[in-house]
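This chain uses plain numbering: 1 for the first residue, then up along the sequence. The figures here come from the full heavy-atom set of this structure, side chains too, leaving out hydrogens, waters and symmetry mates.
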Amino acid sequence: MADLSAFQELIEQFIALFDRMIPLEQSKLEVVSRNQVARLEEIIKKEQAEIMTLRGLDQKRERMQEDLGWKDLSFQEILKQLSEEQRPKVKQLFDELASRVTAFQSVTESSRTLMEVNLHTINQILAKHTRGAQTYGEDGSVKTGPAHFTDRRI
């Protein structure tokens, strides 16, 4: 375990990243609830940058785990590979990271649900006003609503 300190530092970088991403996601939830589209775009741009950072860290983690002989091991399996003196510090880091990830997933799910509700409401309004014209579904598919009887030509 020559490079365990570098691995611990990497886990700390993940924790710091989620500490930045959670408030972003909470802000996104707030602006979605207030229908502030311009602010939402700003937040999404920041979030995309953090997601790129997350991808980079994850690639680094995969390489580091492979170098340490832990390829494809879960964090729990890694803990079993450590000595008794190494295990407490690394377990604490893993627990902190798991806590941040759980909090992030919770806020993300809330904002996703709210956006889906808003999209459904928008689609209902569009369908009402367009009387059978095409609208978009939650998955981006094009839907054609039922034609209204006054839309027919004689």
Test log, rule side-chain contact (heavy atoms from CB on, under 4.5 Å), inputs L29 and Q26: CA-CA 5 Å; L29 178 61; Q26 289 169 332; 5.6 Å; no
Taking it one step at a time, do Q105 and T108 satisfy side-chain hydrogen bond (donor to acceptor under 3.5 Å, both in side chains)? CA-CA 5 Å; Q105 288 173 331; T108 299; over 6 Å; no
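With sequence neighbours left out, S27 forms a side chain to side chain donor-acceptor pair (under 3.5 Å) with no residue at all. Checked against side chain to side chain donor-acceptor pair (under 3.5 Å), T121 has no partners two or more places apart in sequence or in another chain. For R34, the side chain to side chain donor-acceptor pair (under 3.5 Å) partners two or more places apart in sequence, or in a different chain, are E30. For K60, the salt bridge (charged side-chain N to carboxylate O under 4.0 Å, His left out) test picks out no residue, with sequence neighbours left out.
Ring orientation note: the planes of F7 and F94 are nearly perpendicular, at an angle over 60° on the 30°/60° scale.
Pairs engaging residues 36-54 under the salt bridge (Lys or Arg N to Asp or Glu O under 4.0 Å) rule: R20-E50, K28-E47, R39-E42 [sequence neighbours left out]. A salt bridge (Lys or Arg N to Asp or Glu O under 4.0 Å) check over residues 63-79, counting only residues at least two apart or in different chains, returns nothing.
Between L4 and W70, the closest heavy-atom pair is CD1-CH2, 3.7 Å.
Using a 3.5 Å distance cut-off with no hydrogens or angles, the side chains of E109 and S106 do not pair a donor with an acceptor. Neither side chain, R55 nor Q59, offers a donor N or O lying under 3.5 Å from an acceptor on the other.
Between L93 and F14 there is no side-chain heavy-atom pair separated by less than 4.5 Å.
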